[in-house]
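Below is one structure, written out as structure tokens; the observations come after it.
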Amino acid sequence: MPPSPPPGTRDLYPLEAARRRFLTEAWRRVSIRHGFEEVDGPTFEHADLYAVKSGEGILGELFQAFSGKSPEEVERVKQSGRGPYALRPEFTPTLARMYAARAASLPKPAKWFMAGPFFRAERPQRGRLREFLQWNVDVLGLDIPQEMWNVKHAASREAVAEAKARMDAECISCCVAFLETVGLTPADVRVRLNDRAIVENWLHGFGVERDRVPSAFALLDQRERASSMGELASRSKAAGIESEAFLAYLTQPTGTMAPPSGVSIDAEFSALRGQLEALSIAEWIDVDLSIVRGLAYYTGTVFEVIALGERAVAGGGRYDNLVELFGGPPTPAVGFAMGDVVISLLLQDKGLMPKDEELMEAAGARPDAFVIAAKDDLDGAVLALLSRLRREGLHARRSYKATRNVGKLLKDAAAVRARIVIILESPTTANVKHLDRAEQQGPMPLDEAVEIAQQWTAERIGEP
RNA sequence: GUGGCCGUAGCUCAGUUGGCAGAGCACCUGGUUGUGGUCCAGGACGUCGCGGGUUCGAGUCCCGUCGGUCACCCCA
């Protein structure tokens with residue numbers, strides 16, 4: 001038996017690679033269409049980068065990395081169980097680091113996206129692997145003068161809140177636009193929206209201590225997965241949260257959570273709701289007060305895309321302190337990430353993944369021209385013609401079969417879905433056949449054949 | 001880390017109370033003297049995940065082990 005790939009990784013054969021290409025291309029197109037610029041960073045980072053602010057859970061799931069070059073290093077890794085580096089489990093710390101390093105010279109706001117591989121050392125299961133692709137879309141900074149970004153006095157507070165709402169909405173609309181382009185509808189997926197800053201205010205109102213807020217968020221996050229409200233209550237006690245008001249709020253009957261009494265959701269979310277309506281994507285959005293997300297660094301808006309029966313398709317939020325934490329200027333930022341695993345399952349289930357042939361064609365796998373020799377002693381001519389066609393920019397192939405049976409060779413050409421076949425009759429003449437149209441011309445001089453091949457190939461741009 | 005289910009050809013899977021290891025798809029060759037997705041004939045492909053045990057005989061029964069998968073924990 002040949003060795004199998006490591007757990008939680010995937011081998012991609014041509015069709016699967018085409019499937020992945022379909023997804024990453026859709027990500028790219030949507031991002032660029034929405035004015036985001038592509039960036040990328042290293043696939044491994046100093047492990048400390050993730051210790052700063054990622055949240056407790058993530059640290060236990062890091063793939064440790066080290067060079068192994070010096071015995072001392074190896075010994076340190078053995079002793080501590082930790083490497084000096086870690087394969088990246090998420091992008092946001094890298095992004096914050098990158099922005100912080102060049103903040104002064106970057107456009108305000110900076111709109112960045114990337115798509116690449118990420119790694120988490122978890123036990124694989126449905127919708128969750130150890131190596132996966134993730135699409136990250138972020139807006140760093142605001143569209144108002146930088147000196148206003150973090151002013152706290154009442155006069156500017158409203159303008160800042162509105163600017164943040166605009167940036168939040170840009171991210172969310174980019175995400176929704178992707179869902180839309182792959183054929184999903186608001187009936188298939190929902191965007192659940194909440195604001196941690198608002199929830200935090202309520203928590204203070206309930207009498208939850210400031211240092212207990214992260215624990216309270218974690219409890220809210222676990223609420224939907226908890227087996228019983230009693231279990232939540234005991235976990236709450238265990239976390240050292242005394243507030244009865246919080247407990248009552250946390251354990252209210254399942255379903256959409258009601259806000260605490262005397263609070264108007266519409267008033268709290270008015271700025272962002274206004275933006276989402278202006279972008280005409282409001283029908284995708286549900287305000288859901290139980291969404292807080294697991295990451296420690298979120299400070300305001302949080303949202304996730306969910307589909308019935310799957311784990312979250314995408315998730316994100318506002319992280320206004322992170323850039324500063326990495327030595328940059330105070331920079332409000334917002335972003336989201338989408339993994340390839342869950343969205344692929346969803347598209348598969350909904351029948352929205354294009355057919356195999358369409359995928360291969362979209363990936364450029366369909367040959368423009370297929371060259372065959374009808375007679376012996378034309379092998380040299382086949383190679384010369386192939387080379388010429390390829391130099392012209394065409395995807396050109398030949399048969400690897402030994403037979404001179406033209407019927408067999410045409411079958412070979414059809415099997416790889418070539419558009420046209422050039423049948424060499426002699427070193428200088430050929431027939432040209434259009435496979436889809438069953439149309440053939442020739443025999444003719446090679447120059448003419450190449451010209452027709454180019455003509456017919458150029459028509460592919462207009463094909464459905 | 002814990003638990004359920006599953007391991008037979010490259011893929012999807014049959015395989016009877018224990019009795020010669022199979023089908024479809026895919027792949028290769030041919031249907032000879034030049035026109036395609038169909039068709040026909042043939043071929044290659046297996047340590048039945050691996051190791052042990054029971055038995056005259058094990059893909060089948062028992063034990064162990066490895067791998068996959070789903071769920072728990074956790075959730076970026």
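Just so it is clear: chains get the letters A, B, ... in the order the sequence lines come, proteins before strands, and each one is counted from 1.
Within the 4.5 Å cutoff, the side chain of Met353(A) has heavy atoms near those of the Arg19(A) side chain.
Remark: nothing in residues 332-352 of chain A comes within less than 4.0 Å of RNA chain B through any heavy atom.
Between Leu62(A) atom CG and C74(B) atom P there is a gap of 18 Å when expressed in whole angstrom units. Protein atom CZ of Arg128(A) is 12 Å distant from nucleotide atom P of C70(B), rounded to whole Å. The CG-C1' distance, from Asp412(A) to C27(B), rounds to 12 Å in whole Å. Rounded to whole Å, atom P of C75(B) lies 13 Å from atom CG of Leu220(A). If you take CZ of Phe132(A) and C1' of C75(B), they are 11 Å apart, rounded to a whole angstrom. Residue Glu310(A) contributes atom CD, which lies 11 Å from atom P of C70(B) at whole-angstrom precision. Regarding Leu410(A), its CG atom lies at a distance of 5 Å from the C1' atom of U35(B), rounded to whole Å. In this structure, the CZ atom of Phe370(A) is 17 Å from the P atom of U35(B), given to the nearest Å.
Taking atom P in both A14(B) and G51(B), one finds a spacing of 24 Å when rounded to whole Å. The gap from the C1' atom of C45(B) to that of G3(B) amounts to 38 Å, rounded to the nearest Å. Spacing between C13(B) and A21(B) at atom P, rounded to whole Å, works out to 24 Å. Distance check on atom P: G10(B) versus C66(B) gives 24 Å, rounded to whole Å. On the C1' atoms, G30(B) is 30 Å away from C20(B), given to the nearest whole Å. The same atom, P, is picked in G49(B) and in G42(B); the two are 30 Å apart, to the nearest Å. Comparing C11(B) with G46(B), their P atoms sit 13 Å apart, to the nearest whole Å. Here, U17(B) and U60(B) have their C1' atoms 11 Å apart, quoted to the whole Å.
The closest side-chain donor-acceptor pair between Ser290(A) and Asp288(A) falls under 3.5 angstrom.
Between Asp320(A) and Lys164(A) there is a salt bridge, with a side-chain nitrogen of the basic residue lying less than 4.0 Å from a carboxylate oxygen of the acidic one. A salt bridge does not link Arg366(A) with Asp356(A): every distance from a Lys NZ or Arg NE/NH1/NH2 to an Asp or Glu carboxylate oxygen is 4.0 Å or more. The residues Arg97(A) and Glu45(A) are annotated as salt-bridged, a charged nitrogen and a carboxylate oxygen being separated by less than 4.0 angstrom. For the pair Lys433(A) and Glu439(A), the salt-bridge criterion is not met [side-chain N within less than 4.0 Å of a carboxylate O]. For Asp368(A) and Arg419(A), the salt-bridge test passes: some basic side-chain N is under 4.0 Å from an acidic carboxylate O.
Taking Ser399(A) as the reference, Phe370(A), Lys401(A), Leu409(A), Asp412(A) meet the side chain to side chain contact (heavy atoms under 4.5 Å, CB included) condition, with sequence neighbours excluded. Phe91(A) meets the ring pair (Phe, Tyr, Trp, His ring centres under 6.0 Å) test with no other residue; sequence neighbours excluded. The side chain to side chain contact (heavy atoms under 4.5 Å, CB included) check on Glu324(A) picks up Pro330(A), with sequence neighbours excluded. Ala197(A) is linked by a side chain to side chain contact (heavy atoms under 4.5 Å, CB included) to Asp195(A), counting only residues two or more places apart in sequence or in another chain. Checked against ring pair (Phe, Tyr, Trp, His ring centres under 6.0 Å), His395(A) has no partners two or more places apart in sequence or in another chain.
The residue Ala438(A) sits close to a base: some heavy atom pair falls under 4.0 Å. Across all strands shown, Asn431(A) has heavy atoms under 4.0 Å from base atoms, whether or not it also approaches the sugar-phosphate. Using a 4.0 Å heavy-atom cutoff across all strands shown, Leu409(A) reaches no nucleic acid atom at all. Backbone-only engagement by Lys401(A) is indicated by non-hydrogen atom pairs under 4.0 Å involving sugar-phosphate atoms exclusively. Across all strands, Ala374(A) comes closer than 4.0 Å to base atoms (heavy-atom distances). Residue Gln134(A) is out of contact with every strand shown, counting any heavy-atom pair closer than 4.0 Å.
Along RNA chain B, the nucleotide closest to Gly315(A) and the one closest to Ala418(A) are compared, and the more 5′ of them pairs with Ala418(A). Comparing Arg126(A) and Ala218(A) by the nucleotide of RNA chain B whose heavy atom lies nearest to each, the residue mapping closer to the 5' end is Arg126(A).
Note that CZ of Arg196(A) and OG1 of Thr299(A) are 8.5 Å apart. Values are rounded to the nearest 0.5 Å. Rounded to the nearest 0.5 angstrom, Arg192(A) CZ and Leu289(A) CG are separated by 11.5 Å.
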Under 3.5 Å, which N/O atoms of the protein pair with N/O atoms of nucleotides 2-7 of chain B?
unit_1	atom_1	unit_2	atom_2	d
U2(B)	O4	Arg123(A)	NH1	2.8
U2(B)	O4	Arg123(A)	NH2	3.4

Short heteroatom pairs, N/O only, protein and nucleotides 65-68 of chain B, under 3.5 Å:
none

Please write out each protein N/O paired with an N/O of nucleotides 37-45 of chain B under 3.5 Å, distance rounded to 0.1 Å.
unit_1	atom_1	unit_2	atom_2	d
C39(B)	N4	Lys411(A)	NZ	3.3

Could you go through nucleotides 10-12 of chain B and list every protein N or O atom that sits under 3.5 Å from one of its N or O atoms, giving the distance for each pair?
none

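Screening residues 331-350 of chain A for side-chain hydrogen bond (donor to acceptor under 3.5 Å, both in side chains) gives Arg10(A)-Asp340(A), Arg126(A)-Asp349(A), Asp188(A)-Lys350(A) as the qualifying pairs, with residues at least two apart or on separate chains.
Taking the centre of each ring, Trp202(A) and Phe246(A) stay at or above the 6.0 Å mark. Side-chain rings of Trp27(A) and Phe113(A) stay apart, their centers remaining 6.0 Å or farther from each other. Aromatic ring centres of Tyr85(A) and Phe66(A) lie farther apart than the 6.0 Å criterion allows.
Not a single donor-acceptor contact under 3.5 angstrom links the side-chain atoms of Gln125(A) to the base of U69(B).
With a 6.0 Å cutoff to the six-membered ring centre and a 45° limit on the axis angle, Arg28(A) does not count as a cation-pi contact of Trp135(A).
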| query | For Arg318(A) and Asp168(A), what are the C-alpha separation, side-chain angles and deciding distance, and is it a salt bridge (charged side-chain N to carboxylate O under 4.0 Å, His left out)? | reply | CA-CA 8 Å; Arg318(A) 176 156 284 286; Asp168(A) 293 352; 2.9 Å; yes

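When each of Ile291(A), Val191(A), Asn194(A) is tested with Phe303(A) by the rule side chain to side chain contact (heavy atoms under 4.5 Å, CB included), just one qualifies, namely Val191(A).
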| query | In dot-bracket form, how is RNA chain B paired, counting a Watson-Crick or G-U wobble pair only if both its distances are under 3.5 Å and using | for bases paired to another strand? | reply | (((((((..((((.....[..)))).(((((.......))))).....(((((..]....))))))))))))....

